[in-house]
Amino acid sequence: MIEVRSPIIVAGPEHYLEDMQDFTCVGVPIKDPLTMRLEGIVALTCHYRDTNEHLLPLVAEAAREIEVRLQEGASTRERALFDAFLRTARSPALAVASMNDQFLFTNAQAAELFDPTDHALLWSWAKDSMQHSRTVTGRLTLSRGVPVDVRCSTVDDGASPAGVLLTMRPGRETRPAARRSLGSTLPDMPVWQRLLDEGCRLLRDRRRLAVLGEQGAGKATFARAIHNLLRPDTSALELDFAVDQVEQFATHARDDDSTAVLRHVDCLDHRQVRALCAHLERSNGRVLLTVDPTQIDPILLSRLIDQTDGALTVPSLRDRRDDIPALIAVLLAELNPGSTPVRCASECVDALRHNDLPGNVAELRRVLSTALAAADGRDVTLDDLPSSHHAVSRQGRRLVALEVAERAAVVRALQGNSWNAEAAAVALGISRATIYRKMKSLNIKRPARG
């Protein structure tokens with residue numbers, strides 16, 4: 001019955017086990033009216049001689065009554081959000097979704113348009129948009145590369161906003177991109193896209209550009225992307241001064257048609273910087289230098305920038321959090337090439353958006369690689385992330401160290417008791433009400449059951 005998710009009656013001789021052939025068993029699934037997840041089963045067993053045509057309708061009616069009580073027991077916010085969705089989703093011409101920070105309801109048309117990762121993107125856009133108006137419209141590009149025209153309106157529960165209702169129509173460019181990379185234009189990464197536009201504008205008219213930024217921010221990727229956008233049919237010379245010598249650049253410096261990407265310039269000492277500046281002065285080709293300003297003497301940095309025609313700074317990820325949902329989709333595709341696409345659950349995206357990620361893109365790549373290994377082929381959930389990166393409260397606040405330890409203890413107790421909250425509460429020595437409160441405040445969610 002759990003497999004088929006529908007009512008079943010097994011009467012007498014139909015039982016596989018011989019000891020059960022004197023009995024009739026009836027089972028009806030109970031589904032959460034909001035999430036449609038399987039919450040339990042109403043089961044009835046009687047002697048085979050008492051079997052009659054009223055058994056299955058009786059148990060089905062009991063299950064329906066429980067589902068009604070579940071719906072009535074849901075918070076007013078959840079019910080308002082669900083009711084707004086039901087009223088609007090009747091139109092087959094519209095892709096409809098209603099959402100808040102915890103729930104997402106979609107009809108079939110909306111489900112075809114976006115992935116779970118888009119929940120965080122849409123919710124972030126909706127919150128920002130709704131600050132000054134109760135209804136707004138706009139165009140967004142979703143993680144599959146699909147542009148959609150969105151109308152967003154506030155849903156109230158009678159006292160306060162419960163969430164938003166979105167109606168969407170695909171834009172003219174309805175074909176999703178098969179594979180995206182950071183070397184291409186990505187409208188759903190607004191800061192990265194603006195930086196690419198500025199970099200292309202500068203290097204189109206000039207010859208040398210310094211690309212500044214923290215370690216792991218994506219400076220080399222940015223430099224390659226500019227070259228690929230401006231000169232897609234040519235290859236660039238790439239030297240990494242953490243291992244390569246300055247003299248290797250000198251042999252290419254006089255080629256008018258060449259492009260050189262010089263990485264880790266901050267690894268050079270005073271003598272090597274002087275030599276590089278001399279080669280740059282004689283260089284005729286395009287040159288992009290990547291430098292971490294915190295890792296080089298300010299005098300040497302000034303000398304290097306004096307030999308360029310301009311400088312751009314690639315911001316850290318904590319300064320471009322709106323780029324993170326789309327960046328996650330790009331990195332997952334790179335880390336999992338040629339396989340069935342793996343997605344990141346919305347609460348997982350939220351956790352990464354609110355993490356400072358001091359190692360920037362390099363750290364995010366490592367975290368997602370670890371999460372992919374933990375997920376083992378399924379979509380990445382919050383608890384697949386390393387414990388240092390999934391510690392975010394329901395409100396998106398990063399947990400302090402004591403809360404991180406508390407969250408880990410609660411999760412271990414729940415996992416050790418098959419996610420039975422009452423048993424986990426006993427194991428922890430707390431009340432059932434307390435463990436439910438902890439699960440809510442520490443953003444602990446039971447894994448979806450198949």
Side-chain angles (χ1 to χ4, degrees), residues 1-11 24-46 50-92 94-111 116 119 153-167 346-347 394 414 418-425 431-437 439-440 444-450:
M1 196 273 299
I2 293 176
E3 289 293 328
V4 297
R5 298 292 186 94
S6 61
I8 282 181
I9 181 168
V10 182
T24 292
C25 297
V26 182
V28 177
I30 302 169
K31 298 175 184 176
D32 187 307
L34 298 181
T35 65
M36 297 309 294
R37 290 179 179 174
L38 180 66
E39 293 297 330
I41 300 166
V42 178
L44 183 148
T45 301
C46 66
D50 296 324
T51 303
N52 60 69
E53 69 275 13
H54 300 298
L55 284 179
L56 189 56
L58 175 67
V59 177
E61 181 61 29
R64 279 195 296 272
E65 184 66 25
I66 293 172
E67 290 177 347
V68 169
R69 296 293 179 90
L70 284 173
Q71 184 168 356
E72 291 173 350
S75 74
T76 55
R77 293 176 75 243
E78 294 162 5
R79 291 177 61 186
L81 202 62
F82 189 56
D83 289 344
F85 167 74
L86 288 179
R87 286 194 301 271
T88 312
R90 294 190 182 103
S91 171
L94 287 176
V96 180
S98 62
M99 68 173 65
N100 57 23
D101 58 335
Q102 281 196 301
F103 286 91
L104 170 65
F105 304 109
T106 66
N107 63 358
Q109 293 88 333
H119 181 190
S153 56
T154 301
V155 176
D156 291 323
D157 64 1
S160 60
V164 296
L165 179 72
L166 306 174
T167 55
S346 60
E347 63 268 20
R394 181 186 173 193
L414 287 164
S418 303
W419 287 88
N420 183 308
E422 188 167 1
S431 69
R432 184 173 63 175
T434 299
I435 197 170
Y436 280 121
R437 187 169 65 252
M439 290 174 69
K440 185 174 183 179
I444 300 171
K445 296 182 181 180
R446 179 176 183 149
R449 287 170 290 183

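Source: prediction; values computed, not measured.
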* By side chain to side chain contact (heavy atoms under 4.5 Å, CB included) - contacts of Val59 (at least two apart) ->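 For Val59, the residues satisfying side chain to side chain contact (heavy atoms under 4.5 Å, CB included) (neighbours in sequence not counted) are Val26, Val28, Val42, Leu44.
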Who are the side-chain hydrogen bond (donor to acceptor under 3.5 Å, both in side chains) partners of [X], not counting sequence neighbours?
X: Glu61; answer: Arg64
X: Thr51; answer: Thr24
X: Arg432; answer: none

Which atom pair, heavy atoms only, marks the closest approach of [X] to [Y]?
X: Thr45; Y: Cys25; answer: OG1-SG, 3.6 Å
X: Ala80; Y: Val155; answer: O-CG1, 3.6 Å
X: Ala425; Y: Ser431; answer: CB-O, 3.7 Å
X: Ala110; Y: Val96; answer: CB-O, 3.4 Å
X: Asn100; Y: Gly163; answer: CB-CA, 4.0 Å
X: Pro29; Y: Ser6; answer: CD-C, 3.7 Å

Looking at [atom1] of [X] and [atom2] of [Y], how far apart are the two atoms once the value is rounded to the nearest 0.5 Å?
X: Leu104; Y: Phe85; atom1: CG; atom2: CZ; result: 9.0 Å
X: Glu67; Y: Ile30; atom1: CD; atom2: CD1; result: 7.0 Å
X: Thr167; Y: Asn107; atom1: OG1; atom2: CG; result: 10.5 Å
X: Leu81; Y: Asp156; atom1: CG; atom2: CG; result: 11.0 Å

* Full working for side-chain contact (heavy atoms from CB on, under 4.5 Å) between Asp50 and Leu55 -> CA-CA 9 Å; Asp50 296 324; Leu55 284 179; over 6 Å; no
* **Pairwise side-chain contact, Ile66 with Glu39, heavy-atom cut-off 4.5 Å (strictly under)** =>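 Answer no - side chains too far apart.
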* To do: Apply the test side-chain contact (heavy atoms from CB on, under 4.5 Å) to residues Arg87 and Leu165: give CA-CA distance (whole Å), side-chain angles for both, the deciding distance (0.1 Å), then the verdict.
  => CA-CA 11 Å; Arg87 286 194 301 271; Leu165 179 72; over 6 Å; no
* To do: For Arg437, enumerate each residue passing the salt bridge (Lys or Arg N to Asp or Glu O under 4.0 Å) test, keeping only those at least two apart in sequence or located in another chain.
  =>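 For Arg437 there are no salt bridge (Lys or Arg N to Asp or Glu O under 4.0 Å) partners, ignoring immediate neighbours.
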